[in-house]
Structures are given as structure tokens and as C-alpha cells.
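Per chain, numbering begins at 1; letters A, B, ... match sequence-line order. Bear in mind the structure is a predicted one, so any value in this text is a computation, not a measurement.
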Number of protein chains: 2
Amino acid sequence: MNLGCYAEGRWVNSDGEGVILRSAVNGEPVASASSDGVDFAGMVQYARRVGGANLRSMTFHDRAFMLKALAQYLNESKKAFYALSTQTGATKADSWVDIDGGISTMFVFSSKGRRELPNDYVLLDGPPEQISRQGTFTGQHIYLPLRGVAVHINAYNFPCWGMLEKLAPTLLAGVPAIVKPATSTSFLTELMVKHIIDSGILPAGSLQLICGRVGDLFNHLNCQDVVAFTGSKSTADFLRQHKNVVDNAVRFTAETDSLNCSILGPDAVPGTPEFDLYVDEIVKEMSSKAGQKCTAIRRIIAPSNVSGDLVVALSQRLAKVRIGNPANKDTEMGALASIDQRQEVIGRVEELKTESSIVYGAMDGFEVHDADAQKGAFFAPVLLHCDDPLKSRTPHSVEAFGPVATVLPYQNIGEAAELARMGEGSLAGSVFSADNDFVKNIVLETATYHGRLVLINRDCAAESTGHGSPLPHLVHGGPGRAGGGEELGGVRAVKHFMQRTALQGSPTTIAAVSNCWIRGAKENVSTAHPFRKTFEELNVGDTLHTDERTMTKVDVEAFANLTGDIFYAHMDAKEAARNPFFEGQVAHGYFIVAAAAGLFVDPPLGPVLANYGLDNLRFATPVNIGDSLKVRLTCKQKTFREGMGYGEVRWDTEVTNQDDEVVAAYDVLTMIATAETMAELPPAAA
Amino acid sequence: MNLGCYAEGRWVNSDGEGVILRSAVNGEPVASASSDGVDFAGMVQYARRVGGANLRSMTFHDRAFMLKALAQYLNESKKAFYALSTQTGATKADSWVDIDGGISTMFVFSSKGRRELPNDYVLLDGPPEQISRQGTFTGQHIYLPLRGVAVHINAYNFPCWGMLEKLAPTLLAGVPAIVKPATSTSFLTELMVKHIIDSGILPAGSLQLICGRVGDLFNHLNCQDVVAFTGSKSTADFLRQHKNVVDNAVRFTAETDSLNCSILGPDAVPGTPEFDLYVDEIVKEMSSKAGQKCTAIRRIIAPSNVSGDLVVALSQRLAKVRIGNPANKDTEMGALASIDQRQEVIGRVEELKTESSIVYGAMDGFEVHDADAQKGAFFAPVLLHCDDPLKSRTPHSVEAFGPVATVLPYQNIGEAAELARMGEGSLAGSVFSADNDFVKNIVLETATYHGRLVLINRDCAAESTGHGSPLPHLVHGGPGRAGGGEELGGVRAVKHFMQRTALQGSPTTIAAVSNCWIRGAKENVSTAHPFRKTFEELNVGDTLHTDERTMTKVDVEAFANLTGDIFYAHMDAKEAARNPFFEGQVAHGYFIVAAAAGLFVDPPLGPVLANYGLDNLRFATPVNIGDSLKVRLTCKQKTFREGMGYGEVRWDTEVTNQDDEVVAAYDVLTMIATAETMAELPPAAA
């Protein structure tokens, strides 16, 4: 099997001699990979010219629906991925994380894209900034998709998830990708890319693949491109300093392995649920994916008075982990990714042994089921113990990327935090404790050294996703040794592939650019009530100015009695005047907004189907008895809801009094029917 | 004057021979600078040990008040800064940007800190993320101040603003700074730091100063430190690749000069206000600070059919710019920062001349008032014109850092956008046009190449802050040639000095860590109504569960008639049933929240002074006639307002029906009196 590269819209199969990729289970050749003959400059140009243009012609929601369709398609063909995945050494459970985990990441990004991003082309960042007295000149930050390509350099341990977790935010942002999987397991990535291309779901140019070397790819990148790297620190550092990356300030984000810690609280003594949960989690993290996870627990930080019990408990559990052929359903731990990788891990354990002792396991002589221990890259769990971890270097700096971890005893919370920090930057840490004061203290003292901190106790353990699992909702990455980058985290990740720009100009110009009306921008006032317009007919800026209503004492007290809100300030002028903010009896805030609706609502059935909420309501000036209120209601933003028969419309609403002082300002949220929905409404009753 | 370094809490004056700094106006020595003998490792340790600990013991609001006090202090002593500033070549107007601009940046950050950040230690990033079905395990992103030091490397052109614009967000974040001004104008920075230290407003360790070289400073930085660089691209690239910066993934942000463009729209022909505004702005940008601004307009992109008129208009205006002694009040343009700098600019103009012609100005023989043209670093404005800018390289890549700009004619909007992009990344761009379609098109096509885009027309010009002025509210920085970094932008800048961490755990644990209650966390229910508690007595998590109220047809119709909101769905069961979301007559959303208040409000005068708003109100389930509603009200977040006699309390509010379905969920915002305020309320009327 000669792996292909997918470049400039077609598969390129090199006829040159490629690197031979071997099964992790039996060492037999699985495929060969070579990118000889690929035109890397052409790939970059194609991504920019074809892929970027295609993706930018879609809205965020269009792209989110595309991700959903792709996730559904991959979900239907996943049997093929599972079958090939065993050749990487992965058990079924390992493959589930890689394959189903990757697909579910696409689903989450699709859903967040539709919920948290506009059905439009420009993403607003924050509210307008007031930068002038009269408000004729205003500021607004926006995000637009970079006009370049995202180069994804992925690690060997998650050939599917590694691609999909970067692809989802990249495509949602509107940026094409060139994916370069680690060569040793690229056969599985290639299979998935073949399915993706065959699906026809992605527009031309949005995804290209390099199996093999990247050649001169990096020479063609510029300030509109992003390199998103996962892998070893040495490669990250090398690429980060590529002359062209530096010269053009090419965006570079790295996620590298780190010496992640898990801390056991002093309350979590043997016999507590937290102690048992800790033992379970460490065994799971050591054996899952044979410990080849950049988030795996490497440093077990435990109170010195329980570290003996802990070693015993861990040893008993590790002894039960069944190692062998990952295709066999009874296997709990498969092989490392390659024989080379096993040699690497052995070397690192030897380094660790200079300051720690092995307290469980051995690097040879262990039992392997249903596979040849020599031909396959098998390696059994090894647990070490360091007597003086505060004075040792290797437990905090040497990573054996396999089922290997070291117990580091601590005397007090200060030492526990210091040991955590000695990792000098981690992707993920965890704390097992039912004592929230201890947990809070550890978070405040160590969080800045971590991209993610998991805080486990008996209350949340049943639903916990675990120490080692990055989630699409939460950022993944960490400072220092972890690479200093950030991925995932929902919409945060989408922004990594966009440029933030501060706009300054007249409110009308800003509104025209952003498709979102802001205060001070031109109002479209017509005789037709905007509530009579269908979603299609309504325009951003359409405005209604209402008549006035006087707030009488009788009405305020009637409102109080009807709603039950008989707060003294609404009922008794003298008591109200004791309040530092009021001079006398005032109307309810709830009456103000309800009366405002009374002024702006157009009663008969029409396109406005429902008011589904309010945002950012602020009462600016008290309404005294006798004040007269009027309302300005302006269509601020439209979000079409594909397939729902309506769109959401946000109305900028301002209630002012007889002196034109702002009394209340807020956004009213409505669902507005399309013309088609209006035509299909049931007829009025006779 | 031998400039001092402020290190480890004391002034160090090197007795070694320093670099001689000379007046830009007459070449006379002003000071000498040397950092020989400074212990850079000691400075870093001191910042971490003393400065960081001091700053982290303060809340965001404490630090914001500190910035305000410092800005007020500097404002009172600014005469001294203005007096020395002329030696840098700056006119009074130039100094105003540097000195008053810097101080006002501190004020803005102080104000934003109190308005947009919590009066607490942990900053939340976004809402909780739902990551489990039952909600017993949840996600929340937080920011905490980095436990390191921010190293500020500043440019020579703004010795005051350059320091203060970085210092404000750094200190607000809770991170100490080591400031390293460019040596040539460091005498002014040193004077300001002396005032800052003398004020005693900053806690020990929060600010240190290096005048002279940085020695081995960079060797001592780690993953908790930040380098914020402003200056030349070559120095940025050198420092970015410092071995220790790469090894420890030290955060590095750079702001370098760029070839900023300003585009004249095709509508803005001679005779229009926009044409005149364009001429004014270009002359201002060329002459202000003698063109030594990283944001200055270097590339004048104008329609080819008006470029002749434009050159004439610009030449007439530039001829009137009076060059000379910056201390003289009639001087409109001062000197460049040094004789070396003048030589540098001359060299760059020669390079530009290979593809463009000088159409106004000359590099010698110009008139200089009240100063010696030879001894001072004077340079007169030079305007160039490039005939074929799409095929030329130098106008887009060679920057003469002085009063120099090049006219680049375009034929159509595509060419205008392409010319803008040829700058390969800019800090600031601008568009002068009254045609918002043209402006929108330019923004969509070029914004990703810019950190900031200013869109000027006749409506906003009077209040415009101009092309070249970074504002504290808006991001400053840009992709590619501009360094790829980001500064300012209000709270965005504060986050550059903090670490974002994803927390996962039980809602109760997350709430304990963040001091913000979230749904699912433990509720403190007591017999005392929480509205009877003063701000001090109230605790996050204090909860009230109310009685039920049934929503009757009579009440709904009474509400409609009282408020005037007679929307058909509240009045007519049959019409309501035509609406796809309703089965019959439903209560008003406004009635639901008002009735909820009726259930949770405790009427007599007490610590709750006012409801000042609602946030994130969503109606989840329609309320039908006969439904019974009840409310859970929980103290979510407390924000003490220093000196106001009250604090703001945000209440998480959930209205449920008889089937425990959520009907409405929102935050109620209240002002709650302190015990002292309660004691001082006027007595009840007899």
C-alpha cells in the first residue's frame, strides 16, 4: 500500500521509494509513504486560491452544517477505521478515543458554530467601544477568516482525532487546511481523508494531505497562514525557528508532551472514595493507549504518609492489566506505536532510574497475550518512586512516552504545589480531594502552569471525563514544556484561524460592515410596523419610534398588586425617599419593560412568533410617578435558522423619558417567521 | 546625568562608562546610560518573589484604583516630563501624545478594570461548559495572573506612552514588570520612573527599570514570563529566537513598524470633504513626531485619476509645515531622534527612489527655524510617487522611519485591496470614503492584514482620533511585518499577562474556586430571606426557594390591559394556537419575570437598594393558563464597590413550572447596601 498525498484536488501517488510503515503488533509492513513529486508551493496556492475562496463564500452556519454532514458521513463508515486502527497498536477502547472521539469533536464544533456564531461572514468581538463624546466615531473589534492556509502537523498517537480536532475549528473559521500526519501511523489518516474526499461534502481546496515529508512547504507560508503543531518539543522548536516562519511572523501554535501531574489531597486517605478514584485514574492513564498520550499522568504527587499504601494499591491493579494483541477483545493494553518507540521508552526509564527506583514492573519478561512479544512493540507498565522529588530533576523533565509514571511524595500543601510547578508547564493536571479549600488553594497556586485542571471528588467522579481527555469545549494546550499553545475550547479555537481587527468609524459605517446595527447608526423608519415584516423583508436598521405613555401612581400600584411585587419603593413615597437612589415612589423596572412592550408590540398575528428573551437590560434612570416613556426599537441583528421556518432577530431597544434621558436599554430577542412559514400558518378560526 | 537602573528595590548607578545620549535638537550630550553591575537574575527573582506576591494579594479593583492614583500623580508632575521631552526632538504636540497619551491610557485601564473585571482574584472566561448529562461534572475557563515577570522592551519614539501602555495592563493583570526603554531616549523614561517610584503608589517589586543593555536577563525567563517587544523587526526576530525563549516557550509578543496604508475611495474626488480630510490626515501623519510613528501612513493608495491632484494638494500643504526647534511654540515639526536616525532615513529614501520618484521635498537645503540644521537631526517631508505599484517591491517593503510617504495609484477596487495587502501585515490602515459599500468591500478584502482599520467620512471626521493613534480601548499590533502581536484593546491586553486554564469538576468545587455560583452547585438555604442580608452578610450560594403562584386567565388579561401588551397570543386562545410554538393562550414573558419578582421580593426597606438590570434572560417553556410558577434565586457573584456604600450582587434566577420544567432563567442585578450604609439610612417617617 503506497500512501497517497491529496494535493491540488487530486491524489498523487509517488513512485519513488517511500518510508516503510510497520504494524505495531507484529512488525509486518503495512504501507509505504513518500511525498516525492508533490508541488508544495502549488498546494499552498491552491488552498489560498480555491479553498479559501470557497470557504469564505459560506457563512459560519453553512460551515457548521458542513461539519455535521461530514461527522455523520464518517460515523457511518467508521468500521473501516477501527479495522485498520489495530495496526497502530490501539485496542478497541483506544480506537474509540481516536475515531469516535474525533467524530464527536466535529459534532460539538458544528453545534457550537450554530449556537455561538452568527449566520454571517463577520464575527463581532465584544461590544462597540465608546471612543468619542458625541458618539459619531466609534470602535468595534471584528474577526475575519485568515486569507491563507492552516498547516496541521499531527502526532502519531491519534491519527484520526489529531486531524479532526484541528480540522473542525479551521474549517468552521473558513480557512483551508493542509494536513501532515506523523508518518508512522499516516496510513490510518490517509484512509480517513480518502473517505472525506469521497464524501464530496467539503468544497474543493479545503483539505489537502501530505503523507511523508513536508519538503519546502514552510518556504511558502506568509502572515495569513497558521502552523498548528502537535508532537515533540524538539521538532516544534525547530519548525518555530524556520527562517520563513520568523521572517513573516507566521502564526505558530504548538502542543507538545508534558510531565502532567495528578495530586492526591491529604484528606483522600485509603478507604475514602477519592483514594480509590485516584488509583483507578492512574491505572487508566498509564494503560490507555499504552501511556502514549501527551496528557497522561507522569507524576503522581501524593502525601508521603500514604505513598506506601498507594504503591501497593497501584501495583495490585497494574498486575491485572492484560497486555497483548489489540485486536483481541480481552486485551486491555496494546502495543506502543513502533519498535523504535519502545527503544526510546526503555532509554527514558533508564534516565529516570538515576533519581527514582522502579517499585512495580519490569522492562522485559512480562506476559503478552495473542501476540509475539518480540515482533510487536509491547511494553508493560512501570511504576517508579522518587524519595526526594523536590531535589530531583529527572522526574520533572524526563518523559517516558509509554505506561510509565513516578510517585512523588509531599509533606504539605506548599510542597505539593511546588512539585506541580516543577513540571514547568503542563497540558493537564488533576487533583483528587473532597476538601474544596485544599483544591482551591492548589488551583490558585498551580493553575498558571496548566492548560487544564481536573478536580475530582465523589460527587463528580461518575460523570467525569477523566484526567487525560481533551474535550472540544475546553482549551487543550499549556504553557512552557507543553508548547505554549492552545487548541480547542469551542469558539476560542475558531478564532485561532481568524484575524482580530479593530474598526473605527461612524456607527453607520461600522453597522454596514458588520451587518449589526449599533447605537448612533442610521435608522430606517417607515410607516409599516417592523413586526409586520417577514424575516426576509426585515432589514438591519429598521426602526420603530413609539408613542408616549405616562406612568401613573394608579398604574404602578395596580402593577404591584397584580404581580405581587410590592417592594416599598413602588408603594410608599416616604419610604422610597429613604433609599439613596430614589426621590419618591418609582415604577418597577419590570413595569417599564412591560409597558415598553405595550408601546412597541403590534397585537395581531404576524411574523413575530415569540419573544424568547432579553439581553443586557440596564435601568439607567428611575421612573417617577408622572414620567412619560417612549421607545425606540431597531432591528439589530438577524440570524437565519436553516430549516426551522424562522430566523432570530435581536432588537436594540431604548426606553427614554420626557427629558430624553435613557431609562432602560436592552436587546429584545424574537423569532420571526419566514414568508413560507407565514403562508403555511393555519387559517383563522371562523 | 548618569541614568540609573531601578533594580531589586533600589537605584543602581553604574560607575562604568555608559553610552552617551545626545539631544536630537543640538547634538549636545544629555545623559549617559549603562547597566553594568546590575544583577539581572536578581531582578527577575525579586519581581517574582516580591512584586508578584504583592500584586496578587490585591484584587483587580485594588489594582485598578492603584493605576488611577498613579495616573493622577503623574498628571500633576507632567511639567517636568514636557521640559525634558524636547530633547528627544518632540514638539509640544508630539509630547502631548507621549505624556498625556500615556497617562490617559492608565486612566482608561483603571476605569475598564473596575467596570469590566471582578473585584476579586480569579477572572472567569466565558460561561460554564456543559460536559456531562446530569450536570455533576462541569467545565469553566478561568484566568489567573502569570507567576512571573513581564519584560517590556520599548521603542525610542514614545519614551513615556511606550512604557505606560504596557505597564497599565500588566499591573492590572497582577504581574510585575521590568521596563527596558530604548537607550537613545531613556533619559525621559528614567525621569518618569523616578516619579513613579517616589510616589510610593506601586507595591515593592512591581516595577524595575533597565537603562542600558539587558545583559543576561533573557537567560532567567521561564514559562511564567512574558516579553512584550516594540521596536525593529530585526531585534524582535533576534530576541524571539533567543535559546531560552524557545526552550521555555516564553511568551513573546512583538509590535514592529509596518508599511501602513491609507486608501482614498473613488467617490472622494477633489472638492469632496473626504478628499480634504485625506490630505489633512496624510500631512498630519507625515509631520507628527517627524513621521517617527510605527502607525504612520507610508503608502498613499489613491485612484489614478486623482493622484495628480492629490500630489499638488499634498505638496501645497507640506510646504507650509514649519520645521525647527521643538521647544519653539511655532514649530510644527521637530527633529528625528538622532543624527544616526537621519542617516538611516536618507538611506531608505535612496532605496525607495529605485522604483519611485520624489514629487515633493528634498533631503537637504530645507529651512530649519531656531535651530542648527546640521547639529540637530532635522529632516524635511519627502513625498514619492510610484508609477507601477503592483509590480514594485520597495514601496511595500522599505520603510523610511521619518516624514516620508509614497503615492500608489490604483485603477479599481481590486487593485486597491491588492496594494493594501502587499504591505504583508500592518498595524493600522485607513479608508477615506463616503461610500459604505466600497468601505465594506475594502474591509472584507484587507482587514486580516491589519490590526486596526480607520474608516473616515464627513460624518465622523470631527470626532475621529486619526489614522495613527492607538487607543487603549482598541487592539494595537498586527500580523506579519507588524510583528504578529497584539497589545491594548482593554481587557484583552490584561489577558496577555494571564494564563487561561480550563477547570473541570463538580459545580460546587468550581464555584468554590471561582467565587461564582453556578447551576448545580450547593445552595445555602436558610430561614432568613437573603434580601435581609447586608452586602457583607451575604454569601455566594445563598438561596431562596419561593412559594408557587398560579397564572390565571384573568391575571394574564389584566396584565395585558395594564401594560398595553395585547399581543394576540396572550388574549385569544384560538389565535394563539395558530402560532407553531403555542397550544393556546400564554402568559407574557414580562408577566413571568414580574410575577417571579412578586414571589422573591421581600417588600420592606432593607439592604437591597435597587434592581439595576437583568442579563441573559431566556424563556424556555411557554406558560399556559393555569400553570403554577416558583422561583429559585441564588446569590451568584458579589462585586464590592469601593467607596460607594454598596456592592453589586448578581442573582442566578430560575423560574420553573408545576412539572419542574424551566420556564425562564436569567441573572437579576441588584445593588446591596453595606452595613454602614444601612446604619446611615434616614429614619422612617413618623
Determine yes or no for a side-chain-to-main-chain donor-acceptor pair under 3.5 angstrom, with [X] supplying the side chain and [Y] the backbone.
X: A:H588; Y: B:A594; answer: no
X: A:T501; Y: B:H450; answer: yes
X: B:N579; Y: A:L609; answer: yes
X: A:Q224; Y: B:T448; answer: yes
X: A:R452; Y: B:A502; answer: no

Practice prompt. Using non-hydrogen atoms and a 4.5 Å limit, figure out which bit of B:Q134 sits close to chain A: side chain, backbone, both or neither.
Written response: both

Worksheet entry | Under 4.5 Å from a heavy atom of chain A, the part of B:Y143 involved | neither

Between [atom1] on residue [X] and [atom2] on residue [Y], distance to nearest 0.5 Å:
X: B:K440; Y: A:I510; atom1: NZ; atom2: CD1; answer: 12.0 Å
X: A:L617; Y: B:N611; atom1: CG; atom2: CG; answer: 7.5 Å
X: B:H473; Y: A:T138; atom1: NE2; atom2: OG1; answer: 10.0 Å
X: A:T508; Y: B:L455; atom1: OG1; atom2: CG; answer: 12.0 Å
X: B:Q499; Y: A:E486; atom1: CD; atom2: CD; answer: 7.5 Å
X: A:L605; Y: B:K574; atom1: CG; atom2: NZ; answer: 15.0 Å

Item to complete: Please list, chain by chain and in numerical order, all residues satisfying side chain to side chain donor-acceptor pair (under 3.5 Å) with A:D125, sequence neighbours excluded.
Response: A:R500, B:R492

Based on non-hydrogen pairs under 4.5 Å, which of [options] is most in contact with chain A?
options: B:T509, B:V601, B:L503; answer: B:T509
options: B:M671, B:Q140, B:M571, B:E680; answer: B:M671
options: B:D437, B:N248, B:V246, B:D572; answer: B:V246
options: B:V586, B:V431, B:V475; answer: B:V475
options: B:H570, B:R56, B:R549, B:R481; answer: B:R549
options: B:K233, B:M498, B:R240, B:H476; answer: B:K233

Worksheet item: In terms of side-chain heavy atoms, does A:S132 have a donor or acceptor partner in B:E463 at a distance below 3.5 Å?
Response: yes

Discussion item. Quiz question: by atom type and distance under 3.5 Å, do the side chains of B:S464 and A:Q504 form a donor-acceptor pair?
Written reply: no

Practice prompt. Could you tell me which portion of A:F531 (side chain, backbone, both or neither) has an atom closer than 4.5 angstrom to a non-hydrogen atom of chain B?
Written response: neither

Worksheet item: Side chain, backbone, both or neither: which part of A:P622 has a heavy atom under 4.5 Å from chain B?
Response: neither

In terms of heavy-atom pairs under 4.5 Å with chain B, which of [options] leads?
options: A:G589, A:P604, A:G425; answer: A:P604
options: A:N616, A:L681, A:T256; answer: A:N616
options: A:D555, A:L599, A:I456; answer: A:D555

How far apart are the closest heavy atoms of [X] and [Y], and which atoms are they?
X: B:D565; Y: A:A597; value: OD2-CB, 3.7 Å
X: B:G480; Y: A:C223; value: CA-CB, 3.3 Å
X: A:D602; Y: B:F567; value: O-CD1, 3.9 Å
X: B:D459; Y: A:S506; value: CB-CB, 4.3 Å
X: B:F582; Y: A:A610; value: CZ-CB, 4.1 Å
X: A:R147; Y: B:L444; value: NH1-O, 3.4 Å

Practice prompt. Answer yes or no: is there a side-chain heavy-atom contact under 4.5 Å between A:Y590 and B:L614?
Written response: yes

Practice prompt. Answer yes or no: is there an ion pair linking B:D615 with A:R618, defined by an N-O contact shorter than 4.0 Å?
Written response: yes

Discussion item. Suppose we call two aromatic rings close when their centres sit under 6.0 Å apart. Are B:F559 and A:F559 close by that rule?
Written reply: yes

Worksheet item: When you look at B:F581 and A:Y646, which way does the ring pair (Phe, Tyr, Trp, His ring centres under 6.0 Å) test go after all the steps?
Response: CA-CA 12 Å; B:F581 296 110; A:Y646 65 85; 5.7 Å; yes

